[in-house]
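Below you will find the structure I want to go over with you.
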Amino acid sequence: QKEVEQDPGPLSVPEGAIVSLNCTYSNSAFQYFMWYRQYSRKGPELLMYTYSSGNKEDGRFTAQVDKSSKYISLFIRDSQPSDSATYLCAIQPGYSTLTFGKGTMLLVSP
Amino acid sequence: DTGVSQDPRHKITKRGQNVTFRCDPISEHNRLYWYRQTLGQGPEFLTYFQNEAQLEKSRLLSDRFSAERPKGSFSTLEIQRTEQGDSAMYLCASSGQVADYGYTFGSGTRLTVV
(Lines give C-alpha, C1' and ligand atoms only; values in the text may rest on other atoms or scores of the structure.)
Protein backbone atom coordinates (compact mmCIF):
# COMPACT_ATOMS: atom_id res chain seq x y z
CA GLN A 1 0.00 0.00 0.00
CA LYS A 2 1.33 3.39 -0.98
CA GLU A 3 1.68 5.97 1.75
CA VAL A 4 -0.72 8.34 0.02
CA GLU A 5 -3.53 7.24 -2.29
CA GLN A 6 -5.31 9.62 -4.62
CA ASP A 7 -7.72 8.91 -7.47
CA PRO A 8 -6.06 10.25 -10.65
CA GLY A 9 -9.36 11.12 -12.36
CA PRO A 10 -9.95 12.92 -14.64
CA LEU A 11 -12.87 14.53 -12.89
CA SER A 12 -15.10 16.55 -15.22
CA VAL A 13 -17.67 19.00 -13.85
CA PRO A 14 -19.69 21.91 -15.24
CA GLU A 15 -18.89 25.46 -14.20
CA GLY A 16 -20.44 26.33 -10.85
CA ALA A 17 -20.38 22.78 -9.48
CA ILE A 18 -19.03 21.83 -6.07
CA VAL A 19 -15.92 19.69 -6.45
CA SER A 20 -14.72 17.14 -3.91
CA LEU A 21 -11.16 15.83 -4.11
CA ASN A 22 -9.88 13.19 -1.70
CA CYS A 23 -6.82 11.37 -0.46
CA THR A 24 -6.20 8.61 2.02
CA TYR A 25 -2.94 7.97 3.83
CA SER A 26 -1.52 5.09 5.78
CA ASN A 27 1.00 6.53 8.26
CA SER A 28 -0.54 7.98 11.39
CA ALA A 29 2.74 9.87 12.02
CA PHE A 30 1.79 12.35 9.31
CA GLN A 31 1.06 15.67 10.94
CA TYR A 32 0.71 18.28 8.22
CA PHE A 33 -1.57 18.13 5.23
CA MET A 34 -1.43 20.25 2.12
CA TRP A 35 -3.12 20.71 -1.21
CA TYR A 36 -1.20 21.89 -4.22
CA ARG A 37 -2.53 22.96 -7.61
CA GLN A 38 -0.48 22.24 -10.71
CA TYR A 39 -1.24 23.70 -14.11
CA SER A 40 0.13 21.99 -17.19
CA ARG A 41 3.90 22.42 -17.59
CA LYS A 42 4.15 24.37 -14.33
CA GLY A 43 5.41 23.56 -10.86
CA PRO A 44 2.92 22.86 -8.05
CA GLU A 45 1.65 25.87 -6.09
CA LEU A 46 0.49 25.64 -2.49
CA LEU A 47 -3.25 26.14 -2.07
CA MET A 48 -3.87 25.21 1.55
CA TYR A 49 -2.27 23.53 4.50
CA THR A 50 -3.58 22.31 7.83
CA TYR A 51 -2.26 20.29 10.76
CA SER A 52 -5.34 19.36 12.69
CA SER A 53 -8.53 17.46 12.15
CA GLY A 54 -11.42 19.64 11.06
CA ASN A 55 -12.03 22.20 8.35
CA LYS A 56 -10.05 25.14 7.08
CA GLU A 57 -11.62 27.57 4.66
CA ASP A 58 -10.04 30.04 2.24
CA GLY A 59 -12.39 31.70 -0.20
CA ARG A 60 -13.95 29.04 -2.42
CA PHE A 61 -11.66 26.34 -1.05
CA THR A 62 -12.20 24.21 2.06
CA ALA A 63 -9.68 21.65 3.29
CA GLN A 64 -10.92 18.91 5.59
CA VAL A 65 -8.84 16.46 7.61
CA ASP A 66 -10.08 13.39 9.47
CA LYS A 67 -7.08 11.91 11.26
CA SER A 68 -9.10 9.06 12.75
CA SER A 69 -9.94 7.83 9.25
CA LYS A 70 -6.67 9.01 7.69
CA TYR A 71 -8.69 10.87 5.07
CA ILE A 72 -8.26 14.37 3.67
CA SER A 73 -10.46 16.31 1.30
CA LEU A 74 -10.47 19.52 -0.68
CA PHE A 75 -13.78 21.11 -1.64
CA ILE A 76 -14.06 23.77 -4.32
CA ARG A 77 -17.27 25.79 -4.39
CA ASP A 78 -18.57 27.56 -7.49
CA SER A 79 -15.91 25.93 -9.64
CA GLN A 80 -14.53 27.96 -12.55
CA PRO A 81 -12.85 26.92 -15.80
CA SER A 82 -9.66 28.48 -14.40
CA ASP A 83 -9.75 25.82 -11.67
CA SER A 84 -8.96 23.19 -14.33
CA ALA A 85 -5.65 21.74 -13.18
CA THR A 86 -4.18 18.77 -11.38
CA TYR A 87 -4.69 18.83 -7.62
CA LEU A 88 -2.06 17.12 -5.50
CA CYS A 89 -2.44 16.21 -1.86
CA ALA A 90 0.79 16.25 0.11
CA ILE A 91 1.47 14.99 3.59
CA GLN A 92 4.36 15.76 5.91
CA PRO A 93 5.51 13.80 8.99
CA GLY A 94 6.67 16.78 11.00
CA TYR A 95 9.04 19.32 9.57
CA SER A 96 10.42 17.06 6.90
CA THR A 97 10.00 16.17 3.27
CA LEU A 98 6.61 15.96 1.62
CA THR A 99 4.98 12.80 0.31
CA PHE A 100 2.62 13.46 -2.58
CA GLY A 101 -0.36 11.65 -3.99
CA LYS A 102 -0.55 10.99 -7.73
CA GLY A 103 -2.76 14.01 -8.29
CA THR A 104 -6.33 14.31 -9.56
CA MET A 105 -6.91 16.04 -12.89
CA LEU A 106 -9.92 18.36 -12.72
CA LEU A 107 -11.67 19.70 -15.81
CA VAL A 108 -14.27 22.44 -15.36
CA SER A 109 -16.27 23.08 -18.49
CA PRO A 110 -17.94 26.47 -19.19
CA ASP B 1 12.21 38.24 -5.40
CA THR B 2 10.56 36.37 -8.26
CA GLY B 3 10.32 32.97 -6.59
CA VAL B 4 12.22 29.78 -7.36
CA SER B 5 14.00 29.80 -10.72
CA GLN B 6 15.09 26.74 -12.64
CA ASP B 7 17.27 26.54 -15.70
CA PRO B 8 16.94 25.26 -18.35
CA ARG B 9 13.20 24.84 -18.78
CA HIS B 10 13.67 22.05 -21.26
CA LYS B 11 16.57 19.75 -22.05
CA ILE B 12 16.80 17.10 -24.72
CA THR B 13 19.84 14.86 -24.54
CA LYS B 14 21.09 11.64 -26.03
CA ARG B 15 21.31 8.55 -23.89
CA GLY B 16 24.67 8.33 -22.19
CA GLN B 17 25.27 12.08 -22.03
CA ASN B 18 25.63 14.05 -18.81
CA VAL B 19 23.24 16.86 -17.95
CA THR B 20 23.23 19.53 -15.24
CA PHE B 21 20.29 21.56 -13.99
CA ARG B 22 20.37 24.69 -11.87
CA CYS B 23 17.98 25.95 -9.21
CA ASP B 24 17.96 29.40 -7.61
CA PRO B 25 15.76 29.35 -4.49
CA ILE B 26 13.98 32.25 -2.82
CA SER B 27 16.83 34.24 -1.31
CA GLU B 28 15.77 34.07 2.34
CA HIS B 29 15.01 30.32 2.22
CA ASN B 30 17.68 28.07 3.65
CA ARG B 31 16.07 24.74 2.72
CA LEU B 32 16.17 23.45 -0.82
CA TYR B 33 14.60 20.30 -2.24
CA TRP B 34 14.78 18.38 -5.49
CA TYR B 35 11.84 16.29 -6.66
CA ARG B 36 11.22 14.28 -9.81
CA GLN B 37 7.83 14.01 -11.47
CA THR B 38 6.88 11.62 -14.26
CA LEU B 39 3.70 11.78 -16.32
CA GLY B 40 0.62 10.96 -14.28
CA GLN B 41 2.51 10.80 -11.00
CA GLY B 42 3.00 13.13 -8.10
CA PRO B 43 6.44 14.56 -7.35
CA GLU B 44 8.87 12.09 -5.76
CA PHE B 45 11.51 13.26 -3.31
CA LEU B 46 15.14 13.09 -4.43
CA THR B 47 17.25 15.11 -2.01
CA TYR B 48 17.20 17.96 0.48
CA PHE B 49 19.69 20.64 1.59
CA GLN B 50 19.73 22.83 4.61
CA ASN B 51 22.11 25.63 3.74
CA GLU B 52 25.04 23.87 2.04
CA ALA B 53 24.59 20.54 3.83
CA GLN B 54 22.87 17.70 2.00
CA LEU B 55 20.81 16.19 4.80
CA GLU B 56 18.71 13.55 3.11
CA LYS B 57 18.83 11.50 -0.08
CA SER B 58 16.16 9.21 -1.49
CA ARG B 59 16.93 5.70 -2.65
CA LEU B 60 15.73 7.00 -6.03
CA LEU B 61 18.95 8.99 -6.21
CA SER B 62 21.27 6.44 -7.79
CA ASP B 63 25.02 6.95 -7.97
CA ARG B 64 24.55 8.55 -11.40
CA PHE B 65 22.86 11.49 -9.70
CA SER B 66 24.70 14.13 -7.70
CA ALA B 67 23.47 17.37 -6.20
CA GLU B 68 25.37 20.26 -4.72
CA ARG B 69 24.55 23.52 -3.06
CA PRO B 70 27.82 25.45 -2.69
CA LYS B 71 27.66 28.35 -0.23
CA GLY B 72 24.03 27.53 0.55
CA SER B 73 22.68 29.53 -2.35
CA PHE B 74 21.86 28.01 -5.75
CA SER B 75 21.89 24.26 -6.29
CA THR B 76 22.82 22.00 -9.18
CA LEU B 77 21.59 18.53 -9.99
CA GLU B 78 23.76 16.48 -12.32
CA ILE B 79 22.80 13.24 -14.00
CA GLN B 80 25.64 11.23 -15.51
CA ARG B 81 25.24 8.66 -18.27
CA THR B 82 21.59 9.49 -18.77
CA GLU B 83 19.09 6.70 -19.46
CA GLN B 84 15.66 6.87 -21.07
CA GLY B 85 14.12 6.21 -17.65
CA ASP B 86 15.56 9.53 -16.46
CA SER B 87 13.09 11.40 -18.68
CA ALA B 88 10.95 13.40 -16.28
CA MET B 89 10.25 16.84 -14.88
CA TYR B 90 12.84 17.80 -12.26
CA LEU B 91 11.37 20.18 -9.72
CA CYS B 92 13.22 22.34 -7.25
CA ALA B 93 11.55 23.84 -4.19
CA SER B 94 12.62 25.92 -1.23
CA SER B 95 11.30 26.73 2.21
CA GLY B 96 12.24 28.86 5.18
CA GLN B 97 13.68 27.77 8.50
CA VAL B 98 10.89 28.78 10.85
CA ALA B 99 7.84 26.53 10.70
CA ASP B 100 6.94 27.23 7.11
CA TYR B 101 4.90 24.32 6.00
CA GLY B 102 4.71 23.69 2.35
CA TYR B 103 7.29 24.56 -0.21
CA THR B 104 7.54 27.06 -3.05
CA PHE B 105 8.25 25.17 -6.25
CA GLY B 106 9.94 26.33 -9.41
CA SER B 107 8.49 25.61 -12.84
CA GLY B 108 10.77 22.65 -13.30
CA THR B 109 13.22 21.39 -15.92
CA ARG B 110 11.73 18.91 -18.35
CA LEU B 111 14.33 16.34 -19.39
CA THR B 112 13.87 14.15 -22.44
CA VAL B 113 16.45 11.42 -23.05
CA VAL B 114 16.41 10.10 -26.62
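Within every chain, numbering begins at 1; the chains are lettered A, B, ... in the order of the sequence lines, protein sequences first and strands thereafter.
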TODO: Determine the option with the most heavy-atom pairs under 4.5 angstrom with chain A, choosing from B/Q37, B/E44, B/Q41, B/R9.
DONE: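 Ranked by heavy-atom pairs under 4.5 Å with chain A, first place is B/Q41.
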Open item on the list: One pair to check against salt bridge (charged side-chain N to carboxylate O under 4.0 Å, His left out): A/K70 and A/E5. What are the steps and the verdict?
Closed with: CA-CA 11 Å; A/K70 299 189 183 69; A/E5 300 276 2; over 6 Å; no
TODO: Would you mind reporting whether A/T97 and B/E56 have side-chain heavy atoms less than 4.5 Å apart?
DONE: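 Answer yes - side chains close enough.
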Task: Choice from B/P43, B/G40, B/S107 maximising heavy atom contacts with chain A below 4.5 Å - done: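 Winner by heavy-atom pair count: B/P43.
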Task: Pi-cation contact, A/Y51 with A/K56 (under 6.0 Å, within 45°) - done: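 That pair does not qualify as a cation-pi contact.
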Task: Portion of A/P44 that has a non-hydrogen atom of chain B nearer than 4.5 angstrom - done: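 Both the backbone and the side chain of A/P44 come within 4.5 Å of chain B.
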TODO: Check whether B/Y103 and A/M34 end up in the same hydrophobic cluster, where Ile, Leu, Val, Met, Phe, Trp and Tyr are linked by side-chain heavy atoms less than 4.5 Å apart.
DONE: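 Same cluster: B/Y103 reaches A/M34 through Ile, Leu, Val, Met, Phe, Trp or Tyr contacts under 4.5 Å.
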TODO: Give, as side chain, backbone, both or neither, the part of A/Q6 having an atom under 4.5 angstrom from any heavy atom of chain B.
DONE: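 When you check distances to chain B, no heavy atom of A/Q6 falls under 4.5 Å.
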Task: Part of B/Q6 within contact of chain A (heavy atom distance under 4.5 Å) - done: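 For B/Q6, there is no contact with chain A at all, as no heavy atom is under 4.5 Å.
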- [ ] Determine the option with the most heavy-atom pairs under 4.5 angstrom with chain B, choosing from A/E45, A/M105, A/R41.
- [x]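 Going by pairs under 4.5 Å, I would pick A/R41.
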- [ ] Would you kindly say whether B/Q80 and B/N18 are connected by a side-chain donor-acceptor distance under 3.5 Å?
- [x]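 There is no such pair between these side chains.
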